[in-house]
Amino acid sequence: MNVREFYRMKTPLQEKLGLFETTFGDGRGKRFALVSGLHGDELDGLYLSYRLAKFLRAWEDSGKPIRGQVSLIPVANPLATAAAERFWPFGQIDVNRCFPGRAGDEGAPFVWAGALFEHLKTFDLAMDVHSSNLFLRECPQVRVVEKFREAVEPYAGQANVDVVWIHDAPTVIETTLSYNLNAAGVPTLVVEMGVGYRIQTQFVDAVFRGVLNLLMNLNILSDALDEPVKKKAIYATERNVRYLNSDSGGFFVPEAQVGSTVRSGDRVGEILNALTGEVKEPVVSKWDGYLFTVRAHPIVYPGSLMARIIET
Amino acid sequence: MTTGVESILSIELPFNEKLAFYSVSFGEGGVEVAVASGFYGDEHNGMYVCHKLVQFLREVAEGKNCGWKLKGRVRVLPALNPLGTLTDRRYWPFDNRDINVSFPGVPSGETTERIAASVLTALRSCRYCIDLHSGARFFNELPQVRLYEAVQAPMEQAAAFDLPIIWRRITTPLLSGSLAHNLNERGVPTFIVHFGSANRINKFFCQWVFVGILKFLRTVGVLEGDGPELEFTPVGLEHLKSGRTVTPDQEYRVLSKESGLFVADSRVGDVLEKDRPIGRIIDPVGGREVSVVASPRAGVLFTLRTNPVVYEGTLLARVAG
């Protein structure tokens with residue numbers, strides 16, 4: 001195990017802000033990178049990185065081989081994580097809209113993004129771990145851009161997630177890390193799970209197994225799992241994803257669990273009126289399917305997204 | 001009715017309140033010119049100009065100002081992110097979304113999408129739109145008209161504002177979600193006017209822009225007449241000619257090569273020689289000057305950083321060369 005700083009930026013007070021990476025392996029084989037925390041409010045990736053570092057350290061200590069390389073970059077936006085904010089705090093810039101970025105670019109987060117991108121584009125496979133945001137809770141899923149489906153889909157199927165969501169072109173944003181890595185020929189899995197500002201250990205456990213499965217399939221590890229992952233993910237596309245939005249404002253109390261099946265007419269939760277003690281609006285599924293997103297933040301405005309369902 | 005206040009949208013807040021988005025109109029017939037402001041809750045110059053405009057148009061509409069006549073309808077929307085203004089937040093406060101990248105919007109969507117859809121509906125049938133902005137939160141801007149794409153009509157009318165800079169910018173994917181882009185696409189030439197900085201009212205620049213809007217309204221035939229309202233001297237900046245056009249190859253951005261505190265030694269509106277110092281980067285911890293920031297080109301300094309905290313790559317200034 002080797003912890004090193006592969007990029008450092010000088011701050012206005014002449015301190016240093018670093019990008020840190022832990023590496024494992026003998027360098028003779030495939031190279032896998034896990035990056036998380038591009039959004040400072042997304043924390044499941046920190047726990048996932050911890051689980052992997054602990055596992056790989058024990059693996060090394062027991063003398064078992066790690067062929068190739070495993071790199072863990074758990075805190076990709078350290079100033080935001082330290083400030084408990086989502087974006088690059090100075091100027092509120094979304095770092096995941098700054099790629100590919102480059103040295104000499106306008107704006108510190110673009111320079112920062114450039115350093116991360118340059119580092120990651122030499123890998124054979126990358127995983128960019130996200131935890132939704134403050135508002136929505138997601139079951140473990142991999143998001144794949146249609147354009148890169150051929151290269152990414154085989155790995156997505158090995159990641160032990162509930163859902164693989166294939167995005168069509170109009171919803172794709174070309175300034176994300178994953179888009180640019182995929183475009184540069186590094187297959188990159190975007191993992192979403194949980195909700196912002198929280199760690200959902202059972203979701204991390206599932207993805208942890210998925211990463212070990214990928215490392216076995218990349219021939220970096222042998223026999224890391226008693227048995228390979230057999231889970232078949234449900235496929236979501238623009239054709240079968242349904243959006244449930246609220247009609248009224250109020251506060252929402254969920255009843256259904258994310259990652260469960262629902263029938264048309266089943267209650268997902270209720271929007272309540274705190275002043276009168278009345279139910280303003282029952283939130284009811286209009287479809288049979290798999291509930292893969294449920295609103296976590298109680299405050300809702302008319303039109304707020306309450307749930308996403310894969311219609312079956 | 002020649003004067004009317006209406007709400008173009010009412011948002012149901014989660015706790016029994018409704019938030020209104022007000023529009024005030026003067027004159028008869030279809031809307032000729034709309035003036036929008038306040039998408040960003042930390043920008044206040046536009047609201048002040050709207051206040052002056054409403055005050056003036058009311059007097060004209062009520063016949064209390066004999067020098068002027070309204071020949072068409074003017075619609076003013078002073079505060080298009082009222083919750084942001086009330087809570088001192090730049091974006092829509094609840095989810096931190098930028099309304100001005102949410103166009104064309106969705107009538108039944110999330111709040112920012114609803115706001116965008118309602119604003120577009122209210123403005124798409126007008127002849128021209130003026131979208132008022134302060135400098136983005138870290139910058140002071142010399143009063144300027146920005147045009148985001150090569151629409152045919154507006155160059156001549158942009159000059160009618162009689163402001164020092166007309167900046168033609170290239171549309172980026174982010175700007176395609178703006179009000180201006182979406183109105184331009186629908187055949188409503190839209191002039192984005194930037195002036196001053198966020199969180200401040202610059203009365204001098206506001207007066208300059210207010211007079212500019214009156215000149216514009218007169219040029220496009222919505223306002224007829226003359227009066228002392230048009231008298232304005234940009235004291236200290238008389239040397240600037242009006243309507244200097246800046247194309248993308250004439251815009252010179254000055255980026256910081258170092259991290260530190262930026263201390264400006266120039267002001268917006270200064271005419272700079274090449275290599276003339278704009279300011280310095282200092283190290284507040286070590287008590288030393290890290291570097292001198294020089295103008296890359298001879299030209300007019302039209303954007304200047306106000307917030308001193310800079311990293312490598314931070315935008316410090318723009319020069320019209």
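Convention: sequence-line order gives letters A, B, ...; per-chain numbering from 1. Note that the structure is a prediction, hence the values are computed from the model and not measured.
Between the side chain of Glu12(B) and the main chain of Tyr301(A), no donor-acceptor pair closer than 3.5 Å is present. Within the 3.5 Å criterion, the main-chain N or O of Gln92(A) finds no donor-acceptor partner in the side chain of Arg90(B). A donor-acceptor pair under 3.5 Å is formed between the side chain of Gln14(A) and the backbone N or O of Ser259(B).
Of the atoms belonging to Glu113(B), not a single heavy atom falls under 4.5 Å from chain A. Heavy atoms of Phe94(B) lying under 4.5 Å from chain A belong to its backbone as well as its side chain. Interface remark: Asp95(B) contributes backbone and side-chain atoms alike to the contact with chain A (heavy atom separation under 4.5 Å). Ile11(B) touches chain A through its side chain: at least one heavy atom from C-beta onward sits under 4.5 Å away, while N, CA, C and O do not. Only the side chain of Val111(A) comes within less than 4.5 Å of a heavy atom in chain B; its backbone stays farther off.
Nearest heavy-atom pair across Val309(B) and Pro12(A) is CG1-CG, 3.5 Å. Of all heavy-atom pairs between Pro284(B) and Leu13(A), the closest is CG-CD2, 3.7 Å. In terms of heavy atoms, Gly104(A) sits closest to Leu255(B) at O-CD1, 3.6 Å.
Under the 4.5 Å side-chain criterion, counting only non-hydrogen atoms from C-beta, Phe90(A) is not in contact with Thr314(B).
Comparing Arg86(A), Arg97(A), His297(A), Glu15(A) by how many heavy-atom pairs each has under 4.5 Å with chain B, the most go to His297(A). Interface check for chain B: of the options Ala108(A), Pro109(A), Ala103(A), the most heavy-atom pairs under 4.5 Å are formed by Ala108(A). The choice from Asp283(B), Val285(B), Val290(B) that makes the most heavy-atom pairs within less than 4.5 Å of chain A is Asp283(B). For the set Asn273(A), Thr11(A), Leu17(A), Thr276(A), the count of heavy-atom pairs under 4.5 angstrom toward chain B peaks at Thr11(A).
Heavy atoms of other residues, nucleotides or ligands lying less than 6.0 angstrom from CZ of Arg276(B) number more than 12. Under a cut-off of 6.0 angstrom, the local environment of OH in Tyr22(B) is sparse, with at most 12 non-hydrogen atoms contributed by other residues, nucleotides or ligands. Taking a 6.0 Å sphere around CZ of Arg186(B), one finds it holds more than 12 heavy atoms contributed by other residues, nucleotides or ligands. Counting non-hydrogen atoms of other residues, nucleotides and ligands closer than 6.0 Å to CZ of Arg288(B) gives a total above 12. Residue-environment remark: CZ (Arg297(B)) stays at or below the threshold of 12 foreign heavy atoms within 6.0 Å.
Leu275(A) contributes atom CG, which lies 8.0 Å from atom CZ of Phe15(B) (distance to the nearest 0.5 angstrom). One finds the OH atom of Tyr311(B) at 15.0 Å from the CZ atom of Phe110(A) (value rounded to the nearest 0.5 Å). One finds the CG atom of Leu13(B) at 11.0 Å from the CD1 atom of Ile299(A) (value rounded to the nearest 0.5 Å).
Under the rule for a side chain to side chain contact (heavy atoms under 4.5 Å, CB included), the partners of Glu281(A) that lie at least two apart in sequence or sit in another chain are Ser246(A), Asp247(A), Ser248(A), Ile271(A).
Looking at Glu312(B) and Lys10(A), no side-chain N of the basic residue comes within less than 4.0 Å of a carboxylate O on the acidic one, giving no salt bridge.
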